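Notes for the one structure printed next.
Note: hydrogens, waters and symmetry copies are ignored here, and every other heavy atom, side chains too, is used. All figures in this text were calculated on a predicted structure; none of them were measured in a lab. Positions are given from 1 along the sequence. Order of appearance sets the numbers: ligands from 1, and atoms from 1 within every ligand.
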Amino acid sequence: MSDDIAKINAAAAALDYVEDGMTIGLGTGSTAAHFVRLLGERVRQGAVVLGVPTSEATRALAEATGVPLVDLARVTQIHLVVDGADEIDHDFNLIKGGGGALLREKIIASAADHVVIIADQSKPVQRLGGFPLPIEVAPFGFTITARQIFEVLREAGCAGDEVTLRHGAQPTLPFITDNGNFILDAACKSIPDPAALADMLSAIPGVIEHGLFIELAHTIIIGGEDDVEVWEEGDDE
Ligand code: 5RP
């Protein structure tokens with residue numbers, strides 16, 4: 001099955017949540033990009049919405065596809081966010097930040113009325129942690145922060161404990177986020193208690209934000225080749 005078709009199907013299903021007059025947080029990554037392109041089509045057909053991008057890459061895509069944008073500082077309500085994820089568990093917890101946009105993604109998701117996560121079938125997992133957890137850190141003292149993260153992973157009972165600095169297009173240089181920070185990828189392998197690990201990571205001074213999104217998603221749409229599965233918060237599984 002083509003992952004791309006599955007991602008497009010999930011993105012198309014998220015359009016059902018869009019209504020005229022909404023301010024919409026626009027996620028980052030390949031699945032969210034499909035949504036931005038489809039939303040651009042809707043706008044060309046007359047839909048009236050405003051977008052708030054979660055990254056400079058998404059800003060550029062939204063401008064290219066004709067989704068009108070609004071400055072976050074001028075926004076009083078974000079009605080909807082549509083974003084992707086790297087892993088999704090059945091308690092609606094997520095790992096995000098594979099694209100390095102986790103800080104802006106989390107700020108916008110935390111302020112939104114309704115967070116819709118779109119993904120293909122490779123993203124749901126029994127337990128989070130197989131995907132290395134992205135953690136945005138201040139460049140100042142990042143080796144100290146990495147050591148503290150390493151200790152926290154052990155304390156939290158994660159099966160893996162490798163913390164690596166993410167590199168950019170040039171392999172000798174660190175990846176720099178839109179906010180001017182570094183990303184450390186923590187190979188947890190398996191996270192026994194995502195909410196507890198989230199709290200422990202947030203308590204480390206050099207950690208700007210981490211990619212554990214706990215209780216932020218309301219709807220999860222998993223795209224398949226011909227259809228989608230929709231999980232709504234509060235539904236029985
Ligand atoms: C970016 C993200 C993305 O949503 C996540 O990496 C999923 O990306 P994709 O849709 O390309 O698989 O969190 O920071």
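The existence of a salt bridge linking Arg127 and Asp89 is excluded, since no basic side-chain nitrogen approaches an acidic carboxylate oxygen closer than 4.0 Å. Taking a cutoff of 4.0 Å between a charged side-chain nitrogen and a carboxylate oxygen, Glu56 and Arg59 qualify as a salt bridge. In this structure, Asp185 pairs ionically with Arg166, as a charged nitrogen and a carboxylate oxygen lie closer than 4.0 Å.
Those atoms of ligand 1 with a heavy atom of Gly97 less than 4.0 angstrom away are 2 (C), 13 (O), 14 (O). Of all atoms in ligand 1, listed by their number and element, those nearer than 4.0 Å to a heavy atom of Gly100 are 14 (O). Remark: ligand 1 atoms within the under-4.0 Å shell around heavy atoms of Asp86 are 5 (C), 6 (O), 7 (C), 13 (O). In summary, the atoms of ligand 1 found under 4.0 Å from a heavy atom of Asp83, numbered by their order in the structure, are 4 (O). Near Gly84, the atoms of ligand 1 lying under 4.0 angstrom from a non-hydrogen atom of the residue are 4 (O). Close approach of ligand 1 to Thr28 is summarised as follows: ligand atoms under 4.0 Å from at least one heavy atom of the residue are 1 (C), 2 (C), 3 (C), 4 (O).
With His79 contributing its side chain and Thr23 its backbone, the two residues share a donor-acceptor pair below 3.5 Å. At distances below 3.5 Å, not a single donor-acceptor pair connects side-chain atoms of Glu209 with backbone N or O atoms of Glu136. Judged purely by atom type and a 3.5 angstrom limit, His218 uses its side chain to pair as donor or acceptor with the backbone of Val115. At least one donor-acceptor pair closer than 3.5 Å links the side chain of Ser202 to the backbone N or O of Ala198.
Here's the thing with Ala101: one of its N/O atoms is less than 3.5 angstrom from an N/O atom of ligand 1.
When the options Lys96, Lys123, Lys106, Glu105 are ranked by their closest heavy atom to atom 1 (C) of ligand 1, first place goes to Glu105. When Ser30, Ala11, Gly29 are ranked by how near their heavy atoms come to atom 11 (O) of ligand 1, first place goes to Ser30.
Here Ala85 has backbone heavy atoms under 4.0 Å from ligand 1, and that is the only part of it that gets that close.
Environment of CD1 in Ile144: sparse, with no more than 12 heavy atoms of neighbouring residues, nucleotides or ligands closer than 6.0 Å.
The shortest heavy-atom distance from Gly27 to ligand 1 is not under 4.0 Å.
For atom 10 (O) of ligand 1, the nearest non-hydrogen atom of the protein is Thr31 OG1, 2.5 Å.
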